[in-house]
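Since the structure comes first, as structure tokens, the remarks are kept for the end.
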Amino acid sequence: MSAGADRGFTAAEMMVVASARQLAGERVCFVGVGPPNIACNLARRTVAPDLELVYESGVYGARPARLPLSIGDPTLVTGSTLVAGQFELFAYFLQGGLVDVGFLGASQVDRFGNINTTVIGPYGRPAVRLPGSGGACEIAINARKVFVIMRQSRRSFVERLDFATSPGHLGGRRPAHWPGRGPSVVVTDLGIYRFAPDGEMELASLHPGVSLRQAREATGWELRVAQDLEETPPPTEEELRIIREELDPEGIYTR
Amino acid sequence: MSAGADRGFTAAEMMVVASARQLAGERVCFVGVGPPNIACNLARRTVAPDLELVYESGVYGARPARLPLSIGDPTLVTGSTLVAGQFELFAYFLQGGLVDVGFLGASQVDRFGNINTTVIGPYGRPAVRLPGSGGACEIAINARKVFVIMRQSRRSFVERLDFATSPGHLGGRRPAHWPGRGPSVVVTDLGIYRFAPDGEMELASLHPGVSLRQAREATGWELRVAQDLEETPPPTEEELRIIREELDPEGIYTR
Amino acid sequence: MTASKVTTMREAVAELVRDGDTVAIEGFTHLICFAAGHEIIRQRRRDLTLCRLTPDVIYDQMVAAGVARKLVFSWLGNPGVGSLHAVRRRVERADPEPLELEEYSHFGMVCRYVAGAARLPFFPLRSYEASDLPRANPRIVPVRSPYGDEVVYAVPPLKPDVAIVHAQRADAEGNAQLWGILGCQREAAFAAERVIVVCEELVDSEVIRRDPNRTAIPGLLVSAVVVEPRGCHPSYAQGYYDRDNRFYLEWDRISRDPERLQAWLEEWVYGLASHAEYVEKLGPERWKELEPGEAWSDPVNYGRYA
Amino acid sequence: MTASKVTTMREAVAELVRDGDTVAIEGFTHLICFAAGHEIIRQRRRDLTLCRLTPDVIYDQMVAAGVARKLVFSWLGNPGVGSLHAVRRRVERADPEPLELEEYSHFGMVCRYVAGAARLPFFPLRSYEASDLPRANPRIVPVRSPYGDEVVYAVPPLKPDVAIVHAQRADAEGNAQLWGILGCQREAAFAAERVIVVCEELVDSEVIRRDPNRTAIPGLLVSAVVVEPRGCHPSYAQGYYDRDNRFYLEWDRISRDPERLQAWLEEWVYGLASHAEYVEKLGPERWKELEPGEAWSDPVNYGRYA
């Protein structure tokens with residue numbers, strides 16, 4: 001059941017819209033496929049027209065003629081500005097410091113924005129073997145900011161990670177010499193979370209129809225709430241139209 | 001005055017021909033322009049038809065339509081098999097161990113085949129500032145074998161180098177972990193020199209019309225001479241024809 | 001000049017892929033040579049160590065067929081769909097047998113190939129600090145910069161026994177040209193002991209020579225050239241056919257059930273003699289769906305310098 | 001989408017090249033942007049640190065004009081001809097003033113750009129053991145592999161304040177495509193603080209987008225785009241004009257005599273307002289001699305995936 005369904009939009013749509021709005025004023029975004037891809041393309045049509053997407057597959061300045069179903073979809077290549085090999089992509093674009101925002105998903109996140117995408121259970125004999133880092137570990141360290149987009153529950157918002165794949169604010173503070181400043185926002189199907197100066201996540205905004213109690217119950221630690229807790233403005237007609245007509249007509253990621 | 005001039009060929013022609021013959025059976029040669037380039041192309045037309053040339057400029061499988069006047073001549077590119085960036089060239093082709101023979105010139109060489117192309121005189125305030133390493137230092141270390149081709153005199157065949165730019169057999173023995181086995185032959189305008197098991201150069205062959213005395217006088221140390229000292233067979237009609245008609249018609253490098 | 005290296009996939013795999021080998025069939029979503037993976041299954045190779053950034057469905061199939069004892073990788077999944085179920089069964093429940101994992105991040109894997117290709121003893125990168133990955137994989141170690149105190153991480157070189165690279169076109173010597181997503185095929189090829197180039201089209205060397213900047217792999221490295229049109233399905237070859245996303249979705253269902261998976265292998269791999277039969281079995285309608293429109297690059301002038 | 005960055009060479013140099021900067025005008029024999037070097041001379045920049053693998057005639061001219069206090073390089077010469085006489089006078093006799101040298105090998109210089117581009121604190125390579133170069137340049141230091149005892153050498157990152165890259169074609173955002181000899185322009189551009197792209201032809205972004213694999217430099221890096229046809233003379237642009245070997249030979253004579261050299265600078269640099277005037281002064285006959293024939297690549301199909 002989705003938080004805002006009775007309001008004429010799905011929780012996934014709210015999550016994508018809220019993520020897209022975070023991209024206002026950003027320039028270069030390192031993006032994987034799925035919800036982040038839709039959020040970025042929505043942002044380009046709304047709050048961030050100059051946003052440039054760098055795909056993990058090495059494609060820069062993509063102009064997809066259809067919704068790409070993977071980050072390696074051929075539609076990303078045709079008509080793009082540049083295709084680089086993966087050494088150049090990771091060494092020069094990402095580690096080289098050209099990426100303003102890196103979008104990460106997560107199976108588990110802790111209060112400091114550290115992320116697990118590797119295993120549930122012990123590493124040697126996991127209950128669930130997850131995909132692993134992919135490029136997430138380097139994105140987490142090298143992108144100027146990191147946006148996390150994920151479904152929220154007590155199983156995903158955890159007191160202690162089973163495995164730290166990609167560092168967030170560690171125990172509260174990142175090493176000064178790191179290029180990136182770490183996670184700046186976590187957008188879930190329930191709300192928007194930001195990070196206090198001490199590196200701990202706090203609830204900044206609840207999506208329409210979501211109660212503070214729901215958010216607390218879906219968090220595996222004593223949730224900190226911002227003084228000025230807001231309600232996320234619902235998706236506009238235009239935002240929903242773009243998602244439903246242009247970006248995800250089959251509702252693969254947003255139904 | 002050139003050793004074999006009265007015999008109908010120049011010392012430079014003899015040097016190129018003798019170098020070309022050394023390439024018999026070799027597969028991949030890393031080459032600069034000038035005499036080495038002519039020697040390699042002569043070898044391809046005579047003793048080493050399968051010889052592949054890798055130019056320092058990143059061109060592989062060149063098929064020049066004219067005599068290239070520099071290693072970056074555009075005629076090397078058009079119709080070649082592959083053009084690589086210089087990182088790929090030095091990292092993958094050369095350091096990666098694909099090069100069988102590296103051709104080096106030298107301003108000074110010592111009895112162990114160590115080479116100076118940097119300075120004559122003290123480094124800080126040289127009497128003559130030479131070009132420096134270019135790729136010679138990496139060629140000397142990474143090519144399976146090194147061929148040295150140079151004019152010989154007491155100023156170039158020296159007891160002690162003013163500067164060791166590119167290592168040969170060091171003091172007689174190369175570190176075992178080095179990929180390359182070091183200089184295997186030095187071809188000059190006077191003769192052909194090989195290296196004994198103890199790493200010291202010895203005169204293996206004198207060019208036609210060159211006396212042992214001449215060679216000794218043009219060497220800055222007590223020259224070692226092979227038991228079976230040979231006389232270099234003079235250039236054949238065919239070798240001279242190829243050089244004069246095809247490879248260096250204007251005699252830029254071989255007159 | 002050099003003799004032709006053109007052979008069949010059967011010959012190439014029989015001669016160049018050996019039990020116990022470390023094998024890299026690279027390609028980031030694009031140009032993944034499923035045809036080679038299927039032939040390796042068909043020839044029942046054993047104890048292979050399979051390297052890829054993204055093991056993908058091809059390695060799920062190879063793992064299910066029992067050819068692999070170990071994976072070296074950085075992202076384990078069915079891109080855009082979900083899990084690799086055969087791999088998960090072996091990792092989570094040793095079903096039917098354990099599978100060894102050696103795990104990096106994408107950039108770590110890329111750097112391993114670069115170090116292998118460049119014969120470097122290690123390659124430095126800025127990933128891994130404060131991650132549990134170095135604890136899970138002791139081959140990822142810190143290295144101090146010789147300039148001051150800065151510490152970064154290092155990965156060791158990866159030198160596969162065999163790299164299998166699929167290209168849009170190659171000549172008989174194995175000079176290969178790729179376009180679209182490049183992944184790290186070039187680095188894997190330079191790092192490998194033996195290289196099999198598989199191509200959509202065998203072209204005259206003159207085609208290669210008319211655009212030398214597009215040549216990714218020199219024939220110099222290549223042991224065998226296999227002409228296998230549509231050899232990447234359900235992956236794709238830019239400009240030749242589309243990614244068959246439908247199959248990636250189907251595989252999720254097929255691979256959840258070990259028996260259904262084995263039945264699929266029987267029908268589509270063991271039961272067929274070659275990739276040509278696979279292409280035919282898939283049928284013209286399916287291929288029609290996967291046919292892209294045209295989008296041509298402009299020619300560039302290299303100039304005649306005579 | 002982004003605003004045009006197209007400007008004049010005068011504007012670009014005035015705005016982006018500052019006294020005391022570390023400047024890289026790269027290009028290995030090919031695509032050396034003499035037009036930029038001449039404009040830097042014309043604007044009388046001072047105390048520049050000039051980086052190039054092969055300083056070449058352009059840096060001899062800049063050194064003679066007094067814009068440089070230091071060279072960072074790996075091969076110092078007039079390719080195929082001989083010496084750089086102005087450089088040698090300053091190095092051998094401090095005439096008219098000393099010139100500082102920071103010297104590497106070619107691969108060392110390339111690795112410095114790669115480290116700069118990748119924000120690595122050092123880059124490892126197998127050169128330099130048993131060479132006097134590390135003694136001559138203490139920035140070349142040994143580094144021990146974290147895997148066992150093997151020792152290789154390291155070079156530090158090079159991050160120029162400005163990189164000037166000449167391309168055959170670029171769009172108004174600075175997305176640049178190069179073919180022919182590539183040198184390490186891409187690495188230098190990614191390593192630099194500011195990038196000036198100079199091009200033979202300004203093209204519509206659609207031309208770039210029809211062949212994205214040929215794009216070496218993303219506009220993302222680029223501060224200014226200068227359209228300067230024939231801007232590389234006496235160097236060359238593959239497919240556009242030939243290397244003017246005659247000039248390289250002439251320079252040997254010109255540069256042996258300081259007065260003659262200064263007279264040349266007066267006539268060909270200070271005395272001209274722009275590279276357009278230089279091109280005109282050189283005259284149509286000379287350009288005719290340098291015009292290559294045609295040798296076109298074949299187009300490749302990227303495919304339409306809609």
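Naming: A, B, ... by sequence-line order, numbering from 1 per chain. Since we're looking at a predicted model, the values are computed, not measured. Computation of the quantities below employed the complete heavy-atom set of this structure, encompassing side-chain atoms and omitting hydrogens, waters and symmetry-equivalent molecules.
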Inset, instruction - Go through A:G72, A:G121, A:P74, A:P126 and name the one with the most non-hydrogen pairs under 4.5 angstrom from chain C. - result: A:P74
Inset, instruction - Indicate yes or no: at least one non-hydrogen side-chain atom of A:F87 is less than 4.5 angstrom from one of C:C184. - result: no
Legend entry - Check: A:S70 side chain, C:T29 main-chain N or O, donor-acceptor pair, under 3.5 Å: no
Inset, instruction - With rounding to the nearest 0.5 Å, note down the distance linking CZ in C:R243 to OG1 in A:T75. - result: 13.0 Å
Inset, instruction - Please state whether the side chain, the backbone, both or neither of A:E88 comes within less than 4.5 Å of a heavy atom of chain C. - result: side chain
Inset, instruction - For the residue pair C:P79 and A:I71, establish whether any side-chain heavy-atom pair is separated by less than 4.5 Å. - result: no
Legend entry - Region of A:Q95 in contact with chain C, defined by heavy-atom distances below 4.5 Å: side chain
Legend entry - Backbone N/O of A:N142 and side chain of C:R126: donor-acceptor pair under 3.5 Å: no
Legend entry - Reference residue C:E129; test side-chain contact (heavy atoms from CB on, under 4.5 Å); the match among A:P175, A:C137, A:P167: A:P175
Inset, instruction - Report yes or no: does A:E138 contribute a side-chain atom to a donor-acceptor pair with the main-chain N or O of C:S127 at less than 3.5 Å? - result: no
Inset, instruction - Measure the spacing between CG of C:N245 and CG of A:D73 and express it to the nearest 0.5 Å. - result: 6.5 Å
Legend entry - Partner chain C: residue of A:G58, A:A127, A:S166, A:A84 with the largest heavy-atom pair count (under 4.5 Å): A:A127
Legend entry - A:S133 and C:E103 side chains, donor-acceptor separation under 3.5 Å: no
Inset, instruction - Could you tell me whether a side-chain N or O of A:Q86 sits under 3.5 Å from a main-chain N or O of C:V110, the two making a donor and an acceptor? - result: no
Inset, instruction - Check whether any side-chain N or O of C:S131 sits under 3.5 Å from a backbone N or O of A:T165 as a donor-acceptor pair, and report yes or no. - result: yes
Legend entry - Residue among A:G85, A:S57, A:G132, A:G124 with most heavy-atom pairs under 4.5 Å to chain C: A:S57
Inset, instruction - Calculate, to the nearest 0.5 Å, the distance between atoms CG and CG belonging to A:N116 and C:D132 respectively. - result: 8.5 Å
Legend entry - Between CH2 on residue C:W75 and OG1 on residue A:T118, distance to nearest 0.5 Å: 12.5 Å
Legend entry - chain C contact via A:Y123 - side chain, backbone, both or neither, heavy atoms under 4.5 Å: side chain
Inset, instruction - Kindly indicate whether the side chain of C:H30, heavy atoms from C-beta on, has any atom under 4.5 Å from the side chain of A:V77. - result: no
Legend entry - Gap between atom CZ of C:F28 and atom OH of A:Y55 - 0.5 Å precision: 12.5 Å
Legend entry - Heavy atoms from other residues, nucleotides or ligands near CZ of A:R160 exceed 12 (cutoff 6.0 Å): no
Inset, instruction - Below 4.5 Å from any heavy atom of chain C, which atoms of A:A91 appear? Answer side chain, backbone, both or neither. - result: both
Inset, instruction - Check whether A:V119 gets within reach of chain C through its side chain, its backbone, both or neither, counting any heavy atom under 4.5 Å. - result: neither
